[in-house]
Amino acid sequence: QVQLGESGGGLVQAGGSLRLSCAASGSIVSIRGMGWYRQAPGAQRELVAAVTSGGSTNYAVSVKGRFTISRDNAKNTVYLQMNSLKPEDTAVYYCNANIAYSGSYIYLDYWGQGTQVTVSS
């Protein structure tokens, strides 16, 4: 089985920065895409940023130029550097990874437990 452990959320003033980390553990064969999603109360979960195994990235328009996604394949870890934070960035942030495990090349999506990011004005 695979688990994703998240860390790095917290409280920050507008204009500040946070870095989220998410590490996958378990009998992992391979990881394809990894990404970060967020969900505010009463809202749908939305894609914030994603990165492929080859390093190609994709960002939501609302975070382009402010957030940077990266990954360390040796550590099975994905990061989200968040700069110039705004109150509208406030949400629970979830890590996602597409992973094959236990000797299989069937890929499944796994989700982290979520970490709260709160930005005050």
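The basis for the numbers below is simple: all heavy atoms, side chains too, and nothing from hydrogens, waters or symmetry mates. We number each residue from 1, following the sequence as shown.
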For [X], give me all partners under side chain to side chain contact (heavy atoms under 4.5 Å, CB included), at least two apart in sequence or on another chain.
X    : answer
R45  : Y37, Q39, Y94, W111
S120 : Q13
S104 : I106

After noting the C-alpha distance and the side-chain angles of M82 and V12, does the key distance pass the side-chain contact (heavy atoms from CB on, under 4.5 Å) rule?
-> CA-CA 11 Å; M82 304 185 292; V12 65; over 6 Å; no
Any pair counted as ring pair (Phe, Tyr, Trp, His ring centres under 6.0 Å), so long as it reaches residues 9-29, sequence neighbours left out =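 Sorted result for residues 9-29: empty, none.
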Indicate whether the side chain of Y107 and that of S30 have a donor and an acceptor atom separated by less than 3.5 Å.
->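 There is such a pair (donor and acceptor under 3.5 Å, judged by atom type) between the side chains of Y107 and S30.
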Check residues 69-78 and write down every donor-acceptor pair under 3.5 Å in which the side-chain atom is one partner and the other belongs to a residue at least two apart or another chain.
unit_1 : atom_1 : unit_2 : atom_2 : d
R71    : NE     : N73    : OD1    : 2.7
R71    : NH1    : R32    : O      : 2.7
R71    : NH1    : V51    : O      : 3.3
R71    : NH1    : T52    : O      : 3.0
R71    : NH2    : I31    : O      : 3.4
R71    : NH2    : R32    : O      : 3.2
R71    : NH2    : N73    : OD1    : 3.3
D72    : OD1    : A74    : N      : 3.1
D72    : OD1    : K75    : N      : 3.4
T77    : OG1    : K75    : O      : 2.9

Considering the options L47, V63, T90, which one meets the side chain to side chain contact (heavy atoms under 4.5 Å, CB included) requirement together with R38?
->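 It is V63, the one option of L47, V63, T90 that forms the side chain to side chain contact (heavy atoms under 4.5 Å, CB included) with R38.
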Would you say Y79 and L4 are hydrophobically clustered, going by side-chain heavy atoms of ILVMFWY under 4.5 Å?
->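 No, no single cluster joins them.
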With the 4.5 Å side-chain cut-off for hydrophobic clustering, are V117 and V48 part of the same group?
->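 Shared cluster, yes.
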Residues forming a side chain to side chain donor-acceptor pair (under 3.5 Å) with R19, sequence neighbours excluded |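 None.
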After noting the C-alpha distance and the side-chain angles of R66 and Y59, does the key distance pass the side-chain contact (heavy atoms from CB on, under 4.5 Å) rule?
-> CA-CA 10 Å; R66 300 188 298 119; Y59 296 93; over 6 Å; no
